[in-house]
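First up is the structure itself, then whatever we jot down about it.
What you see is a predicted model, and the numbers here were worked out from it, not measured in a lab.
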Amino acid sequence: MTSSRQHLGSQPWLHQRGEIIQDFGTVKQFPLGLSYEARMYSCQRLNKILADTQILYGVYKKHHWLVRGATFYQLHLVLDKHAGEQLALVDTLAERVQTLGGVAVGDPRHVAEITSIPRPPDGVEEVPAMLSRLLAAHEAILSEAHDAASRTGELGDDGTNDLLVSQVIRTGELQAWFLAEHLVDTPLVRA
C-alpha cells in the first residue's frame, strides 16, 4: 500500500526561481596561475568570439537548409559539415570561459546583443550571396581571434591563446578557403 506522501515525493518541483549566483561579466577566482586581469580580459574576448561563432553556426545551418542550384548537393554537405565544426567550437569556447572562472554567453537574445555579425535576410539568397555572407562572418571572427590571441599571449594566458590559434583560427581559415573556392569564376574549357 502506498501513501499519498510517497506520491508527492516523486512530483517535480516546477517553476523554480533562484538567485543569480554569478553575474555575467565577472570572474571567480580559480587556482590557475593567471591574474584576475588576464582572466577577465580573456573571458571578455572569448565571449565576443563565442557570440559571433554561435551566430555563424546559425547562418551555416540556415544556408545548409536553403541552398539551391546546380551545386546544391556539394554545398548542402559542406555547409552542414562546417556548421558541425562551428558548433564544436561554440562548446569549446564556452567551456574555456567557464574554466577561467567566467560566465559564458549562452542565451540567444544575449548573443544577439553582443555579436557583430550582421543578421541575414529572412528569405533565401542566391548562393554567391550566401557564401559571401559566410566569408564576411569568418573574416570578422578571424580578425577578432588574431587580435585576442596576440593579447592573451602577452598576458600569459597560453590556454586561451592556444585555443584561439589552434582551433578558432585554423578552423576558420580552412572553412573560409573552402567557401572562397566556390566563388572562383573558372572559365569554360573549349575543345
Can you hop from F178 to F72 via hydrophobic side chains spaced under 4.5 Å? yes
So, do L155 and E37 sit near enough that their side-chain heavy atoms are less than 4.5 Å apart? no
Charged N to carboxylate O below 4.0 Å: is that the case for R109 and E113? no
Do the charged groups of R170 and E173 touch, with an N to O distance under 4.0 Å? no
Residue list, side-chain contact (heavy atoms from CB on, under 4.5 Å) with V59, at least two apart or on another chain: I55, H63, P120, R133, L134
Locate the shortest heavy-atom distance separating Q98 from G102; write the atom from each residue and the value. OE1-O, 3.3 Å
Just how far is it from atom CZ of R39 to atom CD of Q29, taken to the nearest 0.5 Å? 4.5 Å
Of all heavy-atom pairs linking A148 and R45, the shortest is N-NH2, 3.4 Å
Distance col, row L50:CG vs I141:CD1, nearest 0.5 angstrom, shows 10.0 Å
Quick one: salt bridge (Lys or Arg N to Asp or Glu O under 4.0 Å) partners of D80, sequence neighbours excluded? K61
For the CG atom of L131 and the CD atom of E181, what is their distance to the nearest 0.5 Å? 12.0 Å
Is it the case that one hydrophobic cluster holds both L46 and L32, taking links as side-chain heavy atoms less than 4.5 Å apart, direct or via other members? yes
Is a donor on one side and an acceptor on the other found under 3.5 Å between the side chain of Q74 and the backbone of V78? no
Within a radius of less than 6.0 Å around CD of Q16, do more than 12 heavy atoms belonging to other residues, nucleotides or ligands occur? yes
Closest contact, heavy atoms only, V111 versus A51: CG1-O, 3.5 Å
Distance (rounded to the nearest 0.5 Å) between H182 NE2 and M130 CE: 13.5 Å
Between A145 and I169 the two heavy atoms that sit nearest each other are CB-CG1, 3.7 Å
The reported gap from OG1 in T26 to CE in M40 (rounded to nearest 0.5 angstrom) is 6.5 Å
With a 4.5 Å heavy-atom cut-off, do L100 and L34 have their side chains touching? yes
Considering all heavy atoms of both residues, which atom of V27 and which atom of C43 are nearest to each other, and what is their separation? CG1-SG, 3.6 Å
Can you tell me if T171 uses its side chain to pair, donor with acceptor, with the backbone of Q167 under 3.5 Å? yes
Report yes or no: does D157 contribute a side-chain atom to a donor-acceptor pair with the main-chain N or O of A38 at less than 3.5 Å? no
Could you check if a side-chain atom of F24 sits within less than 4.5 angstrom of a side-chain atom of I114, using non-hydrogen atoms only? yes
ILVMFWY network linking L142 to L135, side-chain heavy atoms under 4.5 angstrom: no
For the pair S166 (side chain) and D162 (backbone), establish whether a donor and an acceptor sit closer than 3.5 Å, ignoring hydrogens and angles. yes
Pi-cation contact, Y41 with R151 (under 6.0 Å, within 45°): yes
Could you go through the side chain to side chain contact (heavy atoms under 4.5 Å, CB included) check for N47 and V97 one step at a time? CA-CA 7 Å; N47 267 320; V97 171; 4.0 Å; yes
Pairwise side-chain contact, L179 with L183, heavy-atom cut-off 4.5 Å (strictly under): no
Minimal heavy-atom distance between L66 and G123, with the atoms involved, is CD1-O, 4.2 Å
Hey, which of L89, L93, L163, V90 is the one that makes side-chain contact (heavy atoms from CB on, under 4.5 Å) with I49? L93
Check whether any side-chain N or O of Q175 sits under 3.5 Å from a backbone N or O of H82 as a donor-acceptor pair, and report yes or no. yes
Residue pair H138, Q86: steps toward the side chain to side chain contact (heavy atoms under 4.5 Å, CB included) verdict: CA-CA 11 Å; H138 273 295; Q86 289 300 316; 3.7 Å; yes
From CG (L79) to CH2 (W65), nearest 0.5 Å: 12.0 Å
Can you pull the ring pair (Phe, Tyr, Trp, His ring centres under 6.0 Å) pairs that have at least one residue in residues 87-106, sequence neighbours excluded? none
Can you tell me if D52 uses its side chain to pair, donor with acceptor, with the backbone of S116 under 3.5 Å? yes
Does Q54 use its side chain to pair, donor to acceptor, with the backbone of V105 at less than 3.5 Å? yes
Looking at the rings of Y57 and H64, which for Trp means the six-membered one, are their centres under 6.0 Å apart? no
Report whether V103 and I21 are members of the same hydrophobic cluster (ILVMFWY, side-chain heavy atoms less than 4.5 Å apart, transitive linking). no
